[in-house]
Amino acid sequence: MSLAGRMGRLGTETAFSVLAKAKALEAQGREIIHLEIGEPGFDTADHIVEAGCRALRSGQTHYTPTAGIPELREAIAADVAGSRGIEVASEQVVVTPGGKPIMFFTILALVEEGDEVLLPNPAFPIYESMVNFVGGRPVFVPLRQENDFRFDLDEFSDGLSDRTKMVILNSPANPTGGVLTPEDVTGLADILRERPDIFVLSDEIYSQLLYDSPFTSIASEPGLGPDGRTIILDGFSKTYAMTGWRLGYGVMPGWLAEAVARLQVNSNSCTNAATQYAGLEALNGPQDGVKEMLTEFRARRDLIVAGLNDLPGVECVTPQGAFYAFPRITETGYEAGELADLLMEEAGVACLSGMGFGRYGEGHLRFSYANSRENISRALEQVKEVLQSNRS
Ligand code: PLP
């Protein structure tokens, strides 16, 4: 008995395997500080939880339309239109269990065997996994610390070929916390306007987790809206601390939305009904929780960046968005995977090797600072002790 050959091309997300390893150590009585998993670490706001409970009690326990309940699709269309300054019809919105299925479905729907997909590296590993899975060819554009983990636009341009079918953008970015500046976005738009045959998958899941500048989307650029060839991926996991509810969406051309809904009906039928009502409340209800979370994340970011830069051999630039720090650790003398293992075993701190995000992630670790300031401080102390004792 064996798996289908295509399974050999499907990757994974190391955050989940490292989390499992940390949990196994905890089960043996070890104390581990979790800086590996990418979730806000706050509980969902009460008014959102209440809306989910109310929906269940009032009988929202059935299948919903495949692309989502009409009220939520409309609310998402209005929200995306307002935040990006574009026109969006609710027919362009597909609601999914988390933002991730939008990668799965759109790549499956659009990328043919042999097509090239241009994507950042290091990046969220599922992009590469999915492109490989469907027989496409990932072409990487490196993101370097020297350039604040932004694209070099010449390198981006050089990566395009006659076979390029799609480019993937992610700003603010996982794992680096890097952000495309407004100038980067217009530069990218100028390049892409020359290539109207290319789809753009713009992963904007961290669009509300930006510290020092307003969010800019490629979809706001003339000729690059979701009515043409851009797919906006966004959702509720990070913005509203709703990772476990599983609620995200894509905004895309209507014809593609129909195809994506067809993939959804063939796989999971629809998104959980009560979760969709909770999402409706998240969009329509008070937004104070989002602002408070951002203020707290900023304080955590400043704490972890200062602490990382204080470690021997570690150098960390200040991330502009999301909740990840991606320090360079080459001067410690360790490789990234080796150091991540050492920190888990000896410091009781779970973090990820940059290699889990692609080969340009070598020499870096990813720390998610979605943990309390107290735990972050404790983790930094424990890491410092291990680095110092292994040096001397
Ligand atoms: N896109 C990026 C860049 C992410 O980091 C994540 C989650 O970590 C997702 C998408 C998926 O989010 P969701 O939990 O809504 O599926």
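Ligands are counted one by one from 1 in listed order, and the atoms in each one are counted from 1 as well. Keep in mind that what you see is a predicted model, and the values were worked out from it rather than measured. What's counted below: heavy atoms across the whole structure, side chains too, no hydrogens, waters or symmetry copies.
For Glu13, the salt bridge (Lys or Arg N to Asp or Glu O under 4.0 Å) criterion is met by Lys100, not counting sequence neighbours. The salt bridge (Lys or Arg N to Asp or Glu O under 4.0 Å) search around Asp197 returns Arg195, not counting sequence neighbours. Qualifying salt bridge (Lys or Arg N to Asp or Glu O under 4.0 Å) partners for Asp212, counting only residues two or more places apart in sequence or in other chains: Arg301.
Side-chain contact, Asn147 with Arg144: no donor N or O sits under 3.5 Å from an acceptor N or O.
When Arg137, Glu116, Glu112 are each tested for a side chain to side chain contact (heavy atoms under 4.5 Å, CB included) with Lys165, only one passes: Glu112.
Without hydrogens or angle criteria, Thr271 side chain to Val95 main chain gives a donor-acceptor distance under 3.5 Å.
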I'd like the atom pairs linking ligand 1 to the protein - N or O on both sides, separation under 3.5 Å - with distances to 0.1 Å.
{"from": "ligand 1", "atom 1": "1 (N)", "to": "Asp203", "atom 2": "OD1", "distance (Å)": "3.4"}
{"from": "ligand 1", "atom 1": "1 (N)", "to": "Asp203", "atom 2": "OD2", "distance (Å)": "2.6"}
{"from": "ligand 1", "atom 1": "5 (O)", "to": "Asn174", "atom 2": "ND2", "distance (Å)": "2.8"}
{"from": "ligand 1", "atom 1": "5 (O)", "to": "Tyr206", "atom 2": "OH", "distance (Å)": "2.7"}
{"from": "ligand 1", "atom 1": "8 (O)", "to": "Lys238", "atom 2": "NZ", "distance (Å)": "2.7"}
{"from": "ligand 1", "atom 1": "14 (O)", "to": "Ser237", "atom 2": "OG", "distance (Å)": "3.2"}
{"from": "ligand 1", "atom 1": "14 (O)", "to": "Arg246", "atom 2": "NH1", "distance (Å)": "2.9"}
{"from": "ligand 1", "atom 1": "15 (O)", "to": "Gly99", "atom 2": "N", "distance (Å)": "2.8"}
{"from": "ligand 1", "atom 1": "15 (O)", "to": "Ser237", "atom 2": "OG", "distance (Å)": "2.7"}
{"from": "ligand 1", "atom 1": "16 (O)", "to": "Gly99", "atom 2": "N", "distance (Å)": "3.0"}
{"from": "ligand 1", "atom 1": "16 (O)", "to": "Lys100", "atom 2": "N", "distance (Å)": "3.0"}
{"from": "ligand 1", "atom 1": "16 (O)", "to": "Arg246", "atom 2": "NH2", "distance (Å)": "2.8"}

